[in-house]
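Structure, as structure tokens:
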Amino acid sequence: MELNEYQNSDELRHDQQKSDGGEQEVSKPERDGKSAAPVRGIWSPFISFILPGLSILLSLVVLSTVVILFSQHFREVKMPDANFKPHHSQLKSNVTRLSEEVRSLLAEHKSQMSKQKENPPQVQCPDQWRRFQQNCYYFSLVTKNYTDAQRSCTSMHANLVVINSAEEKVFLQHWTHKGSHWIGLSDSISEGDWRWVDGTDYASSVKFWSPNEPNNRYNVEDCAELLVYGEWNDAPCNFHRYWICEKSA
Ligand code: 2F8
Ligand code: CA
């Protein structure tokens, strides 16, 4: 039996010798032709009890670690989910608040635009130009033919005047008492096809032709002039007339 072998007096002696600083050999000399097993004797409790105990302990440690890691992992996976709801609802309330702000800004902008339309800001016209509504007008001090008059206007970033209303006619009439002025209306391209210089539709626009005008007298009258009393006449384009330029204020 293992216990008997362990209690063998020779072996005990041998162990004592080792502990006394005697023989350092681990293996016991052969006796009766057999090899003794002191090593097995020493490690036997370790192998029988401590090693399985350690294995169980190690298994428990590994198991606990796995459980802890899993629980941590699930907490991390769940965390964003838990945070997601408040985050989402905050985003939703932000979107609602921003939509309301945009709506209110748009309403304010709309109201300011309509106020501005009612009372447009006064923009200054250049020196020697006169203002009427949203436009600036230049009344020439010299006379030129129609082509040169229009050229003079374009050099000042304007066109010969386009008359769109009775009010504008009255305004112009006030400043044209000294003679006839070229306006931006001609039928040079095709006889009878009157066109405004800025492309305003002639057919639908107001007309202030003098009675029996335009008559294309002598078949050479393709340019419109504003007469001193405010009505229009067609005259030869090579005539020298004052002119009126118009541009936006
Ligand atoms: O200068 C040309 C101009 O001469 C007359 O007006 C002063 C003609 N009027 C009549 O014939 C009634 C214009 O038609 C003509 O353009
Ligand atoms: Ca005429």
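In each ligand, atom 1 is the first atom listed, and ligand 1 is the first ligand listed.
For Asn212, the closest heavy-atom approach to ligand 1 does not fall below 4.0 Å.
For Trp232 and Trp194, the ring centers sit 6.0 Å or farther from each other. Taking the six-membered ring wherever Trp is involved, the centroid distance between the rings of Trp196 and Tyr202 does not fall below 6.0 Å.
The ligand atoms of ligand 1 that sit less than 4.0 angstrom from a heavy atom of Asn233 are 3 (C), 13 (C), 14 (O), 15 (C), 16 (O). Short contacts between ligand 1 and Asp234, defined as distances under 4.0 Å to a heavy atom of the residue, involve ligand atoms 16 (O).
Centred on the Ca ion (ligand 2), the OD1 atom of Asn233 and the OD1 atom of Asn215 lie at an angle of 140°, reported to 10°. When rounded to 10 degrees, the angle formed at the Ca ion (ligand 2) by OE1 (Glu221) and OD1 (Asp234) equals 90°.
For the pair Leu172/Phe132, no side-chain contact is recorded, criterion being any heavy-atom separation below 4.5 Å from C-beta on. In this structure, the side chains of Asn216 and Asp222 come closer than 4.5 Å at one or more pairs of heavy atoms.
Closest to atom 1 (O) of ligand 1, if we only count protein heavy atoms, is Phe239 CE2, 3.7 Å. When hydrogens are left out, the protein atom nearest atom 11 (O) of ligand 1 is Asn215 ND2, 3.7 Å; that is the closest non-hydrogen contact.
For atom 6 (O) of ligand 1, the protein comes within 4.0 Å by no heavy atom at all.
With distances taken over non-hydrogen atoms, the option nearest atom 12 (C) of ligand 1 out of Glu221, Arg217, Glu213, Glu225 is Glu213.
Ring geometry, Phe139 versus His181: the interplanar angle exceeds 60°, so the pair is classed perpendicular (tilted spans 30 to 60°). Taking the six-membered ring where tryptophan is involved, the planes of Tyr138 and Trp129 are tilted, since the angle between them lies from 30° to 60°.
When the shell of 6.0 Å around CD of Glu101 is examined, it contains more than 12 heavy atoms from other residues, nucleotides or ligands.
In terms of distance to the Ca ion (ligand 2), the nearest N, O or S atom of Glu213 is named OE1.
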